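What's counted below: heavy atoms across the whole structure, side chains too, no hydrogens, waters or symmetry copies. Since the structure is predicted, the reported quantities are computational estimates derived from the model, not experimental observations. We name chains A, B, ... by the order of the sequence lines, and we start the count at 1 in each one.
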Amino acid sequence: MIKTRIAPSPTGDPHVGTIYQALFNRVFAHQNNGKFILRIEDTDRTRFNPESQRRLLEMLDWVGLPADESPTVGGPAGSYIQTERVANHQKYAAQMLEAGTAYRAFDTSAELEERRKIAEAAKASYRGYDRRDRDLSKAESDDQAANGEPFVIRIKAPLEGEVIVQDRLRGAVTFKATELDDKVLLKADGFPTYHLAAMSDDHDMGVTHVIRAEEWLTSTPIHKLIIQAMGWQEPEWIHTPLLRNPDKSKLSKRKSNTSVESYKDMGITPEALVNYLGMMAFSMPDGRELFNFTDLLEHFTWERVSLGGPVFDIGKLTWLNGRYIREVLTLEDVVVRAKPYLEQAGYDLSDTAKLTRVIDALRPRFDTFSEVAEKASYFYQDIVLEDKAKAKLEEGRGHLASLLPLLEPVAWTWDVIEPIIKGYAENAGAKLGAVMQPIRAALTGKLESPGMGELLEALGKELCLTRIKNAV
RNA sequence: GGCCCCGUCAUCUAGCGGUUAGGAUAUCGCCCUUUCAAGGCGAGUACACGAGUUCGAUUCUCGUCGGGGUCACCA
């Protein structure tokens, strides 16, 4: 059975790149009746953040890409938290040590740092580990370890030849052995590094396809070497293009908004986020831009993945979100999703019919839900008269005064009000705009709003008349 | 800097030897219109460069250039 995984580390805010990876992994697994699993890679104890895991799981649920097996839902593949698997990692490291495919290195961090600096000063092009302890005899090594000298376990990478990685998207990628170094497998604190942990967990959990970001490509030969040393089955490697900042560098918190939670907060719908991520590097065969996870299940292929790293463009995400608001979601849906933002602004939403009318009128006018409270302000709060609106109001005050008695007695629907206003303008020899804009200003305090009909009906007769009177 | 990956409008992309190089976002213009949006229509903007291969290269090969990634006891 096909198994894919994402293996995020619980160090910070849930990252859009993680969701991006989840999308690839989940789509591919589910296309093949496989399982998509989530493993928390928490072996870096110094950067561990206890909140991070819960928030990550929440975000996966929110976007609708939950894992089939994870720390919360469980599954047959043992613990889904990496630190709970360290006994295995240590066992494998010991086996490699025993087999001679790995060795103890007693260098201290300070020593390594020192040597790195010297190498840098000498402008040496390669600054990996210098393999000082690679050829320590077994007796020496055992001795030093027995004496309590701290050590790490490093892989014994080949000194010559080459390692060829078959990548699904890029074909054969060749690395010369001379470019590889003896990476740390097990740290001095007894925890594994990513290299050992990820590969052994993938093996133990039955992961068949490693779908991960391109940044891992250059460490894949080491991963392949670990797998070979242990005699495991090699997974298929698929390195997907990296999401980029506008300056083309790897998407980062510093230069872009990478926080899934913040997109949620600003009122990006999860459907739009997933859709947008889906069009990063991938395109539908028929070119459509609006699609969901099910559509991906049907049409996704690696052949349609382009390799240039896509710039994460918040402008286009926002536009796409707008399309979801006005084309994909039902009005009821939009109302439900807008509600929290309006409540937060302190509006009284007890009149459901009014709320629905307001949202309906505003629908083509906002792209993210965070904009809705501001756009709806004059429906729920006293107007704030803007300067330009004030000027218009003064120009048209006479019209307003004349119109008031005509409006007071009538039923408050646009089909009865419209002929009154138009008739009045005609009789007064005024342009329609010269009448309409002052009304709009009186009603909203602005010169921009939904159509007059929608405005009048949503506001209701009483409020409208009051505001016009106030203006006169 | 070494190594690895990548290279079509500003951005996301279609294209898989012969196309007026298509679509989308953004920008601008027009239409609709009581305003602003939305919507419709339209405009400008791209095959990085140089050699090959070929009757013919955006498409295949190589080189150059450019961008990115990586070179931690982080993932």
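Checked against B:A75, B:U13, B:C4, the side chain of A:L217 finds its nearest nucleotide in B:C4. Picking from B:C12, B:A26, B:C3 the nucleotide with the shortest atom distance to the side chain of A:W319 gives B:A26. The nucleotide whose nearest atom lies closest to any side-chain atom of A:R116 is, among B:G69, B:C36, B:C73, B:C73.
For the residue pair A:K255 / A:S249, a side-chain donor-acceptor distance below 3.5 Å is found, with atom types taken as modelled. Side chain to side chain, A:E371 and A:T368 meet the donor-acceptor criterion of an N or O pair below 3.5 Å.
If you check every strand for non-hydrogen atoms under 4.0 Å, A:G309 touches sugar and phosphate atoms only. Contacts of A:M279 with the nucleic acid, taken as non-hydrogen atoms under 4.0 Å apart, involve only primed sugar atoms and P, OP1 or OP2. Within 4.0 Å (heavy atoms only), A:L447 reaches at least one base atom of the nucleic acid. Within the nucleic acid shown, A:I439 has no heavy atom closer than 4.0 Å to any nucleic acid atom. Across all strands, A:D167 comes closer than 4.0 Å to no nucleic acid atom at all (heavy-atom distances). Note on A:V173: only backbone sugar-phosphate atoms sit closer than 4.0 angstrom, heavy atoms only; bases stay farther off. Residue contacts for A:R363: at a heavy-atom cut-off of 4.0 Å it reaches no nucleic acid atom on any strand shown. Contacts of A:T174 with the nucleic acid, taken as non-hydrogen atoms under 4.0 Å apart, involve only primed sugar atoms and P, OP1 or OP2. When heavy atoms are screened at a 4.0 angstrom cut-off, A:S219 is found touching no nucleic acid atom at all. Counting any heavy atom pair closer than 4.0 Å across all strands shown, A:P450 reaches a base atom. Using a 4.0 Å heavy-atom criterion, one finds that A:A425 contacts no nucleic acid atom at all. Within 4.0 Å of A:G451, counting heavy atoms only, lies at least one base atom of the nucleic acid. Heavy atoms of A:S109 sit under 4.0 angstrom from at least one base atom.
Considering only side-chain N and O atoms, A:K187 lies under 4.0 angstrom from the phosphate OP1 or OP2 of B:C74. For B:A14, one of the phosphate oxygens OP1 or OP2 lies less than 4.0 angstrom from a side-chain nitrogen or oxygen of A:S283. For B:G15, the OP1/OP2 oxygens have a side-chain nitrogen or oxygen of A:R304 closer than 4.0 Å. For A:R326, a side-chain nitrogen or oxygen approaches OP1 or OP2 of B:G39 to under 4.0 Å. Under 4.0 angstrom from either OP1 or OP2 of B:A75 there lies no side-chain N or O belonging to A:T11.
Nearest-nucleotide positions on RNA chain B for A:P364 and A:P192 put A:P364 closer to the 5' end. When each of A:E454 and A:E327 is assigned the nucleotide of RNA chain B with its nearest heavy atom, A:E454 is the one assigned upstream, toward the 5' end.
The six-membered or imidazole ring of A:F36 lies away from that of A:H209, with a centre-to-centre distance of 6.0 Å or more. Here A:W319 and A:Y276 keep their ring centres 6.0 angstrom or further from each other.
Nucleotides B:U13 and B:U45 are separated by 15 Å at their C1' atoms, to the nearest Å. To the nearest whole angstrom, the two P atoms, one in B:U58 and one in B:C47, are 10 Å apart. Separating the P atom of B:G18 from that of B:U59 is a span of 11 Å, rounded to the nearest Å. Atom name P, nucleotides B:A48 and B:G7: the rounded distance is 10 Å, in whole Å. Nucleotides B:G39 and B:G22 place their C1' atoms 22 Å apart, quoted to the nearest Å. Spacing between B:C3 and B:G44 at atom P, rounded to whole Å, works out to 44 Å. B:C9 and B:C62: their P atoms are spaced 22 Å apart (whole Å). Across B:U19 and B:U33, the matching P atoms stand 43 Å from one another, rounded to whole Å.
The base of B:C5 is not paired with the side chain of A:R170 by any donor and acceptor separated by under 3.5 Å. At a cut-off of 3.5 angstrom, counting only N and O atoms as typed in the model, there is no donor on one side facing an acceptor on the other between the side-chain of A:K316 and the base of B:A26.
Both the sub-6.0 Å distance and the 45° axial angle are satisfied by A:R45 relative to the ring of A:F48. Annotation: cation-pi pair A:R104/A:F151 present, NZ/CZ under 6.0 Å from the ring centroid and within 45° of its normal.
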Chi angles and distances behind the side chain to side chain contact (heavy atoms under 4.5 Å, CB included) call for A:M59, A:T18: CA-CA 10 Å; A:M59 286 302 106; A:T18 308; over 6 Å; no
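Nucleotide B:U70 forms a pair with B:G2, judged by Watson-Crick or G-U wobble geometry with both contacts under 3.5 Å. For B:C16, there is no paired nucleotide, since no Watson-Crick or G-U wobble pair has both relevant distances below 3.5 Å. Across all strands shown, B:U61 is found opposite B:A51 as a Watson-Crick or G-U wobble partner, with both distances under 3.5 Å.
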